[in-house]
Amino acid sequence: MSKMHVKLNLNGEEVEGLAEPRTLLIHFLRENLKVTGPHIGCETSHCGACTVDIDGKSVKSCTVFVGQVNGKDVTTVEGLVNDDGSLGIIQEMFREHHGLQCGFCTPGMITRAHRLLQENPNPTEKDIRFGMAGNLCRCTGYQNIVKAIAASADMMNAQKEAAE
Amino acid sequence: MIPANFEYHRPSEISAAIGIIQQHGDEARVVAGGHSLIPMMKLRMAEMGHLVDLQDIEELKGIEFSDSSVVMGAMTTQHELIDNADLASRLPILREAALQIADPQVRYMGTVGGNVANGDPGNDMPGLMQCLNATFEVVGPDGRRSIPARDFYEAAYFTAREDEEILTKISIPVPATGTGYAYEKQKRKIGDYATAASAVMIGNGAASIAMTNLSDTPIWSEAAGTALAAGDVDGAVAAALDAIDPQEDMRGPVEFKKHVAGVILRRAIARAQSRVG
Ligand SMILES: Cc1cc2nc3c(=O)[nH]c(=O)nc-3n(C[C@H](O)[C@H](O)[C@H](O)COP(=O)(O)OP(=O)(O)OC[C@H]3O[C@@H](n4cnc5c(N)ncnc54)[C@H](O)[C@@H]3O)c2cc1C
Ligand code: FES
Ligand code: FES
């Protein structure tokens, strides 16, 4: 089977590569492009560790083929840093509130939380738990993840107000 | 977890998609959101030489409203459905059900068309569409035809759609104002298919009841709806339990499933009745 020419806008940069059509996006990111932020936890669409943002949607990158995302904008946890390379707000809040222990689920958690807060800048605790239900964590018990996301929302809103 | 290889197609016209399917016959399969098909391909329970991605076909997108009906393009995602305020005001049961499907990531990708075309007894939309008396439009080499949701499901993964046909639209009659509704689902955890689920509509002297994942197809029970319309809740539950045929699996033995089905249906009926306005 011949390989496909795959082009993405990945974290703001045009990237390309050759891959068999059956290649899953997570494998293309990690193996062809060496972007290893998104993790493989289950490979069966259940854990959310592989979550990336595709054209404004949170997607499990183990459950899409490269062809399906050809030509689209993809954001991974690497793309959520500030322009100067320092940790973005959600990343910083996960650190500050101990929203991680082993850190394996963290890239997926942060990427999903990013989209959740874009869609709902003032989530209740219930909204956060419901909106994060596609991401599993084996370590934290979720409490500090929820806190980190709530704190991120407050921080983002404060920044927005300050800018106005 | 690596599927067998295939050639990838992304046509922008429905006629082109049908052409590819005709050319390759059994070797071709369409993909919508891929969140039922790709897991099956990874398990090598589905293999095809040609995968036809429907995402660029405009005709399959969008939600339209008229006084009497709602028409959803097959490629409407569960996320779009949840997000659409006009849809939620006309058919709130759709949103209530969609919020109980899978998890946020799956709902961004999973489509209504894929959910009803799939034919998996675990899918939530088929029973709901039977409850609402929806109609599916399919188009194939011989043109277009409409199939009532209540006639669509033949057995697990077997439907009235021919292999060369693409499901294009789902039409749902808008219920009269004041109709009570509920979609109730018992699942072991977020992201799981139903142990038992039921859809109930009631009002204006009529009622409709459908059950999910309790047989190899969704079950719409006319007798249950008739009993409920007459105010006989026990009769409705008895008729629905009589119509289902659950099988033992990891979600439990047959007796347990029947028990859960009864509990879930009673909850759905009570909530639907409380919403009759
Ligand atoms: C972790 C997880 C949990 C889930 N939980 C639930 C749940 O609780 N309830 C539930 O209902 N679903 C659940 N799903 C399934 C999910 O909702 C699917 O997305 C949905 O069933 C299929 O939609 P799709 O667009 O992804 O279809 P695809 O996977 O692309 O297609 C499914 C099948 O339908 C065919 N098909 C698709 N579109 C068309 C069309 N327009 N015309 C003809 N044939 C077509 C395909 O060829 C394929 O055979 C879950 C999925 C995952 C991964
Ligand atoms: S690796 Fe994709 S959901 Fe677990
Ligand atoms: S921090 Fe270990 S899995 Fe979440």
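A, B, ... follow the sequence lines: proteins, then strands. Residue 1 opens every chain.
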Proximity breakdown for A:Val66 and chain B, heavy-atom pairs closer than 4.5 Å: neither
Pairs of heavy atoms under 4.5 Å with chain A: top-ranked of B:Val31, B:Leu99, B:Asp83: B:Leu99
Part of B:Leu51 within contact of chain A (heavy atom distance under 4.5 Å): side chain
4.5 Å side-chain heavy-atom contact, A:Thr44 and B:Pro39: no
Between OG1 on residue A:Thr63 and CD on residue B:Gln105, distance to nearest 0.5 Å: 10.0 Å
Residue part contacting chain A, namely of B:His9, when any heavy atom lies under 4.5 Å: neither
Carboxylate-amine/guanidinium proximity below 4.0 Å for A:Lys60 and B:Asp103: yes
Smallest separation among heavy atoms of B:Tyr8 and A:Gly67, with atom names: OH-O, 3.1 Å
Whether over 12 other heavy atoms sit under 6.0 Å from A:His98 NE2: no
Over 12 non-hydrogen atoms of neighbours within 6.0 angstrom of CG in B:Asp26: no
Nearest atoms (heavy-atom pairs only) where A:Gly56 meets B:Tyr108: O-CE2, 4.3 Å
Interchain contact, B:Ala4 with chain A, by part (heavy-atom threshold 4.5 Å): backbone
CE on B:Met109 to CD on A:Gln68, rounded to 0.5 Å: 5.5 Å
B:Tyr157 atom OH, neighbour heavy-atom count above 12 within 6.0 Å: yes
Interatomic spacing from CG in A:Asn135 to CD1 in B:Ile190 - rounded to 0.5 Å: 12.0 Å
Pairwise distance CD1(B:Ile38) to CZ(A:Arg22) - rounded to 0.5 angstrom: 14.0 Å
Considering all heavy atoms, the nearest B:Pro104-A:Gly134 contact: CD-N, 3.8 Å
Greater than 12 external heavy atoms within 6.0 Å of B:Asp163's CG: no
Top contributor to chain B interface from A:Met4, A:His46, A:His27 [non-hydrogen pairs under 4.5 Å]: A:Met4
Separation of A:Glu43 CD from B:Lys42 NZ (nearest 0.5 Å): 5.5 Å
Nearest atoms (heavy-atom pairs only) where B:Arg10 meets A:Asn70: NH2-O, 3.3 Å
